[in-house]
Structures are given as structure tokens and as C-alpha cells.
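Each remark here refers to the structure printed beneath this line.
Here the structure is a predicted model, which is why all the values come from computation and not from measurement. We name chains A, B, ... by the order of the sequence lines, and we start the count at 1 in each one.
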There are 2 protein chains.
Amino acid sequence: MSIPTANKPFTIQDVARIAGVSAMTVSRALNTPQKVAPDTLARVQQAVAQTHFVPNAMASGLRRSRARLVAALLPTLVGPVFQEMVEALDRSLHDRGYQLMIGQSGYDQAREDDLLRATIQRRPDGIVVTGVVRSEEGRRALRASGIPVVETWELTATPVDMLVGFSHAQIGAAVVDYLHQRGHRHIAMVSADDQRALTRIEAFDAQVASLGLSRIAPAFTRPPSTMGSGRQGLRELLARNPEVTAVFCSSDMLALGASIEARELGLQVPAQLAIVGLGDQGVAADASPPLTTVRIDGTQIGRLAADMVVARAEGGSVSPSVVDLGFSIIQRQSS
Amino acid sequence: MSIPTANKPFTIQDVARIAGVSAMTVSRALNTPQKVAPDTLARVQQAVAQTHFVPNAMASGLRRSRARLVAALLPTLVGPVFQEMVEALDRSLHDRGYQLMIGQSGYDQAREDDLLRATIQRRPDGIVVTGVVRSEEGRRALRASGIPVVETWELTATPVDMLVGFSHAQIGAAVVDYLHQRGHRHIAMVSADDQRALTRIEAFDAQVASLGLSRIAPAFTRPPSTMGSGRQGLRELLARNPEVTAVFCSSDMLALGASIEARELGLQVPAQLAIVGLGDQGVAADASPPLTTVRIDGTQIGRLAADMVVARAEGGSVSPSVVDLGFSIIQRQSS
DNA sequence: TTGTAGGCGTTATCAC
DNA sequence: GTGATAACGCCTACAA
């Protein structure tokens with residue numbers, strides 16, 4: 001076997017030469033086989049097979065101004081939070097002949113702008129962003145690029161383009177109401193501290209106040225949200241505020257950790273401590289006790305985002321271009 | 001604001017015109033700023049800022065035959081198994097100016113070949129595959145492409161190109177030895193049924209036999225490996241073989257589920273049932289009790305794969321081109 | 001049904 | 001230090 005040095009791969013020209021046709025005919029055989037005579041087609045296919053020719057997508061994308069590629073930008077791949085959405089996006093896009101390209105931004109602003117620029121460079125047919133783009137720089141770059149954009153997982157009055165999300169403020173308030181109705185008077189949060197989480201916290205605190213309860217400062221966790229940080233968060237919270245009888249965790253993994261920690265501390269869930277998670281990504285239902293959680297339909301977000309992006313990439317228009325998907329509280333045994 | 005139709009984004013020509021220079025000078029200003037006069041540079045930068053110009057990576061990639069892109073192909077993004085590796089890959093590549101593109105293949109053969117082709121089309125500077133490529137078709141396509149390839153997470157006598165992995169057979173045997181030494185005589189597996197898992201099972205069974213123990217059929221789970229399937233797997237296993245005193249789970253999420261289920265069944269871990277996981281991705285250490293697990297250094301795999309791919313993409317050679325990273329059994333309280 | 005010419009946006013090369 | 005030219009590999013438009 002030869003040393004795998006940069007022996008240039010075959011081009012459409014090479015294949016054409018081997019098949020005894022023009023490059024254009026090879027292109028047709030590959031893209032619109034019905035427009036090629038059967039025996040010509042066979043000769044081309046034979047040459048393609050023989051050379052293992054794979055067309056160069058940079059060249060065809062350049063010529064067509066269509067990359068058949070959609071980019072998804074996520075803060076992190078760690079944890080189950082965005083998996084449903086990515087899964088659904090991937091499936092939907094694949095079915096329509098688009099490839100999904102995933103980029104990780106971290107929860108860091110500079111990194112996000114970097115990634116945004118790198119993504120725009122590839123001229124994908126669409127960009128799906130997790131969360132809303134906050135930097136003016138990033139927003140302008142996106143708009144100037146002319147690429148269809150879907151922001152997700154959050155609402156905003158000023159989307160860059162399209163949006164499919166839900167209200168974190170509503171979630172914060174709804175969870176307070178839910179726990180209050182179930183008799184809890186000392187309720188608190190174990191939460192990440194990203195923008196979406198802060199929005200929930202603000203609404204949570206406001207609702208606590210409007211019900212005449214006293215505000216308890218949340219225990220903040222560092223990203224990524226893991227079982228371990230959930231355990232630590234709950235420990236800190238209860239050390240500081242032992243009167244707490246109910247916690248709302250900003251993700252199911254945190255809630256799972258909190259549940260484990262509660263047991264370690266000798267607290268019965270839900271009798272002595274009620275726990276509510278966020279996301280509902282399987283772990284919640286599979287835990288013991290099964291966790292009450294705020295369900296976010298990631299699959300639906302992914303599907304809608306794919307629909308929107310593809311529609312616009314193919315010249316259609318999308319309406320409504322802003323969708324609030326809402327959420328629901330799934331009651332299980334942890335509360 | 002204008003309707004976001006396909007108003008063509010600016011090209012390097014537009015920027016050149018605005019800055020009053022040639023396209024070539026803009027290109028230099030962007031790529032080798034030290035080679036242009038300071039005031040020219042300033043004029044170009046001003047024009048770039050004004051237009052929000054972002055260079056077209058398809059065009060530059062085509063011209064340079066370098067995409068500054070590395071593709072990682074994963075069976076799934078669900079679950080923590082490959083996260084460490086992806087995280088490390090992303091970080092290493094980003095630091096060197098490469099972008100990481102992630103593709104999901106599912107555990108499906110046809111889908112994998114599809115994804116391989118789609119990936120080769122983009123002409124990335126390297127491809128990192130999780131697991132070894134099994135289809136002859138896929139292997140040939142990869143070799144013909146001339147793209148540096150790193151297979152990971154597994155060993156094989158016939159790598160496509162480079163490889164950084166570890167021996168699943170050794171793991172299977174080592175876990176049997178470990179549990180046997182700790183006095184267990186009825187040991188079994190709760191396992192996924194992908195190729196790597198099957199290799200572990202085979203070696204596990206062989207070692208069980210060579211120690212004179214009787215073989216117990218594993219409980220198979222469907223991908224993805226979740227806590228829920230771990231719970232179900234253990235339930236099935238114990239229903240069939242109540243004599244089992246130790247289980248080896250093919251991932252930490254399965255082990256976590258098994259641990260939960262054991263508790264539900266009223267079994268003390270580890271007194272009545274020992275549990276060993278695989279992966280060591282945080283959840284193992286954060287569980288209660290903390291889980292004994294076979295540690296795989298995903299970070300190291302990611303880093304090495306990035307090193308290898310970049311070295312080769314930049315014309316260097318890599319040696320050794322096959323690395324066995326090994327594994328270690330981390331003893332915690334579940335065994 | 002097939003082929004020829006030209007250009008997508010960028011950069012290597014060589015000339016000034 | 002800067003610019004003109006050509007070429008990367010493919011496909012649109014048009015011609016045969």
C-alpha cells in the first residue's frame with residue numbers, strides 16, 4: 001500500500017476522461033441521472049466506482065451558492081439539555097438532504113462571536129442558534145450575511161431573524177405558583193447563571209415576592225450542569241437556608257444531583273424536600289423517585305427550526321417567523 | 001430594515017472597491033497584515049468593518065485545497081460517553097485555527113456510509129471517527145480521499161490510517177479478574193450490543209470460562225444507553241439469574257441506572273450487588289454510592305487525535321500512527 | 001442527449 | 001507594497 005500522502009483525489013475531469021465523456025455529463029449523471037442516456041450513465045457510474053470519486057462540495061457549493069449545510073451553534077454538548085433538539089434537527093435536515101454541522105461556543109461571549117464568524121465563513125444555508133444572539137457585533141454579522149437564522153430556546157422582542165422558543169420568565173413564575181399551591185412557603189433555586197437562568201430567577205423572585213413569601217437567594221452552579229454540581233448546590237443552599245422545603249433546579253441533571261444529595265442528608269423526597277427539574281430529558285422520568293420537571297419539547301424545537309431554515313433556504317417565506325412553544329409542568333413523585 | 005431576502009453578501013471585490021485597492025490587497029490585509037502598508041491596512045479594515053465582510057470559506061478552501069475544518073463522526077451525541085473526547089478535540093483544534101464539524105451516524109451502517117460520503121465531500125483537513133470503520137466501501141472511500149483519518153476508541157489490526165484507542169477485549173477480561181478477586185463467582189453484564197460491546201462480552205465470557213465460572217448471558221440494552229435502560233437491564237438480568245452478585249455495565253449511565261434499580265429492589269450496593277461502569281465521565285464519581293468504573297481517558301484521545309490530524313494536515317508525518325491508550329479500573333464504593 | 005464557455009470568490013504567482 | 005492574471009472544481013447557460 002502506498003504511503004497516504006496528499007495524492008490528489010480525482011476530480012470530475014478525471015472521471016470524465018475515464019468514462020470517455022465530458023465533465024458536464026459526469027455532473028449530470030451525478031445530479032440529474034434521468035437526463036443522461038442509460039448506457040452513458042452506466043459508463044460514468046463505472047468510472048465513479050472505479051475511482052471512488054466523491055464530488056468536492058466546496059466547488060459545487062461555491063458555484064451554486066448553496067452549501068447544503070445547516071449549522072447549529074450550542075453552548076455545550078455536555079449534558080442532556082439540548083440533545084433532543086439536536087437529534088431532531090439532524091434527523092429533519094438529513095431527510096431533506098442537508099447536513100448538520102455542530103459548533104460549540106461555550107458560555108463565553110468572545111468565543112461565541114468567534115464561532116459565529118467561523119460559521120458564516122462556511123456560508124451554510126441556515127444557522128440555528130441556541131439562545132438569542134446578544135452581541136451587537138454578532139447580530140450585525142448575521143444580518144449582513146443574508147443567511148437564514150433561527151434563534152431558539154428563548155424569547156426576545158428583537159430576534160435577528162426567525163425564532164422558536166419559550167418564556168423563561170413564565171417558567172420561573174409558574175414553578176413558584178405550582179410549589180406554593182402545594183403548600184410550600186420556603187422555596188428556592190439551585191441554578192446555573194447564564195442569561196436564560198437569570199431571567200428565570202428574576203421572575204421566580206418576583207413571584208415569590210408577590211405571594212408574600214420571603215426571597216431566598218439561589219445557589220449558583222458553574223456550567224456545565226452536572227449531577228455533582230446539583231449535589232453541591234443543594235448542600236450549600238440548605239446549609240445557608242435550612243428552612244427550605246422546595247427547590248427548583250435549572251436542569252434535570254442538577255435536580256437528579258439534588259435528589260441524591262437530599263437522600264444523603266437524610267431528607268425524604270418529597271416529604272421533607274420537594275424537587276423540580278427542567279428539561280425532561282429521560283433522566284427525570286428514570287430517576288428514583290421520578291422527578292417533577294418543567295417539560296421543554298426539544299424535539300419540536302428542532303423540527304420547527306429545521307422547517308423554517310429549509311423553507312427559507314429554498315426561497316420560501318416563513319410565517320409566523322416567531323413561535324412561542326410554551327412548556328408544561330410534569331408532575332411526578334419528587335414534589 | 002429590509003426584508004431579509006437573499007441580498008448577496010459582499011465579496012472581497014466589493015471591499016476592494018470601497019477601500020480603493022485591489023482584491024489581492026484585501027486578501028493580504030486579511031491573511032498577512034504585516035505585508036501591507038499601515039495606512040492601506042487601515043483603509044481595508046475600515047471597509048471590512050463597514051460592510052461586515054466575512055470571507056467565503058468555500059472559495060478560499062477551494063483555492064487553497066485546505067478547509068481548515070476537521071470532522072468528527074460520532075454514533076450519537078446522547079449520553080456522556082464521547083463528550084470528553086469531543087470537548088478536547090474542539091479545544092485543541094480551535095487553538096490551532098481549525099473548526100470542528102460534528103456528524104452523527106447513529107449506530108446504523110448505511111447511515112454511517114452516508115455520513116462518510118457527505119463528510120468527504122466537504123474535503124475536511126482530517127476526519128476523526130469514533131470506532132473503526134467497518135464497511136469496505138467506507139474504508140476505500142476514505143483512503144481514496146487522501147484525507148488524514150484517525151479511528152478512535154477501539155483497536156484494530158487494519159486501521160484505515162491512524163488510530164488512538166484501547167482494547168475492549170482487555171477490558172472485558174480485566175473486569176472479570178477484578179470481580180473474581182473480590183470474591184464474586186456469579187458475574188454478568190448489562191450491555192449495549194454494538195461491536196465494541198460485543199468484543200468486551202466475548203472476552204468477558206472467555207475469562208469467566210477460564211476461571212471455571214459459569215457463563216451468564218448478558219442483558220442487552222438498546223441504544224442510546226440511558227439510566228432507564230440500565231434499570232430495565234438489571235431487572236431483566238436478576239429476574240433471569242437471581243444468583244448474580246456482580247454486574248459490569250457497558251457505560252456509566254447504565255451503571256447509574258443499575259444502581260438505582262438495585263436500591264429499588266432492596267439490594268445493598270455493594271454488599272449484595274457489586275456494580276462496575278465504563279467511561280468515568282463524572283456521573284460515576286458523583287453517584288451515590290460512587291461507582292467503580294473502567295476509566296477511559298477521553299480527553300487524551302481527543303487531544304492525540306487532534307495532534308495527529310493537524311500534524312498530517314500540515315504535511316508532517318505521525319509516528320507512531322497507532323496508539324493504545326489503555327484504561328484503568330477506578331475502584332469506588334459500588335464494588 | 002451531449003458538449004463548450006464562463007464564472008462562482010478566493011489566493012499563488014509573478015510582474016511592477 | 002501593490003496589482004494583474006490564472007486557477008482551484010464544479011455547474012448554469014447556451015449551443016449543437
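Annotation: the span from A/Met85 atom CE to A/Ile301 atom CD1 amounts to 7.0 Å, rounded to 0.5 Å. To the nearest 0.5 Å, the span separating CG on B/Leu304 from OG1 on B/Thr299 amounts to 11.0 Å. From B/Ile120, atom CD1 reaches atom CG of B/Leu116 across 5.5 Å, with rounding to the nearest 0.5 Å. Distance CZ/A/Arg122 to CG/A/Leu69: 9.0 Å, rounded to 0.5 Å. Interatomic distance, CZ of A/Arg143 versus NE2 of B/His52, reported as 10.0 Å (0.5 Å rounding).
In this structure, B/Asp114 does not pair ionically with B/Arg111, as no charged nitrogen and carboxylate oxygen lie closer than 4.0 Å.
Contact annotation: B/Ser60 side-chain N/O to C/dT10 OP1/OP2 distance is not under 4.0 Å.
Out of C/dT1, C/dG9, C/dG6, the shortest distance to the side chain of A/Arg63 is found at C/dG6.
Heavy atoms of A/Ser65 sit nowhere under 4.0 angstrom from any nucleic acid atom. Here B/Leu62 lies in heavy-atom contact (under 4.0 Å) with a base.
Nucleotide C/dG3 holds its C1' atom 12 Å from the CD atom of A/Gln13, rounded to whole Å. Spacing between atom CE of A/Met24 and atom P of C/dG6 amounts to 16 Å, rounded to whole angstrom units. In this structure, the CG atom of B/Asp14 is 9 Å from the P atom of C/dG9, given to the nearest Å. Distance, A/Lys35 NZ to C/dG3 P: 16 Å, rounded to whole Å. Atom CD1 of A/Ile12 is separated from atom C1' of C/dG3 by 13 Å (rounded to the nearest Å). Rounded to whole Å, atom P of C/dG9 lies 17 Å from atom CZ of B/Arg64. Between the P atom of C/dG7 and the CZ atom of A/Arg66 lies a distance of 23 Å, rounded to the nearest Å.
Other residues, nucleotides and ligands contribute over 12 non-hydrogen atoms within 6.0 Å of the CZ atom of A/Arg66.
Applying a 4.0 Å cut-off to non-hydrogen atoms, the residues of residues 40-58 of chain B that approach DNA chain C are B/Phe53, B/Pro55, B/Asn56, listed by residue number.
B/Ile127 pairs in a side chain to side chain contact (heavy atoms under 4.5 Å, CB included) with only one of the listed residues (B/Leu73, B/Val309, B/Val150), which is B/Leu73.
On the nucleic acid side, DNA chain D contacts chain B at distances under 4.0 Å to non-hydrogen atoms, with the end points of that region at D/dG1 to D/dG9.
Within the 4.5 Å cutoff, the side chain of B/Phe82 has heavy atoms near those of the B/Pro75 side chain.
Between A/Leu30 and B/Gln34, the residue whose closest nucleotide on DNA chain D is further toward the 5' end is B/Gln34.
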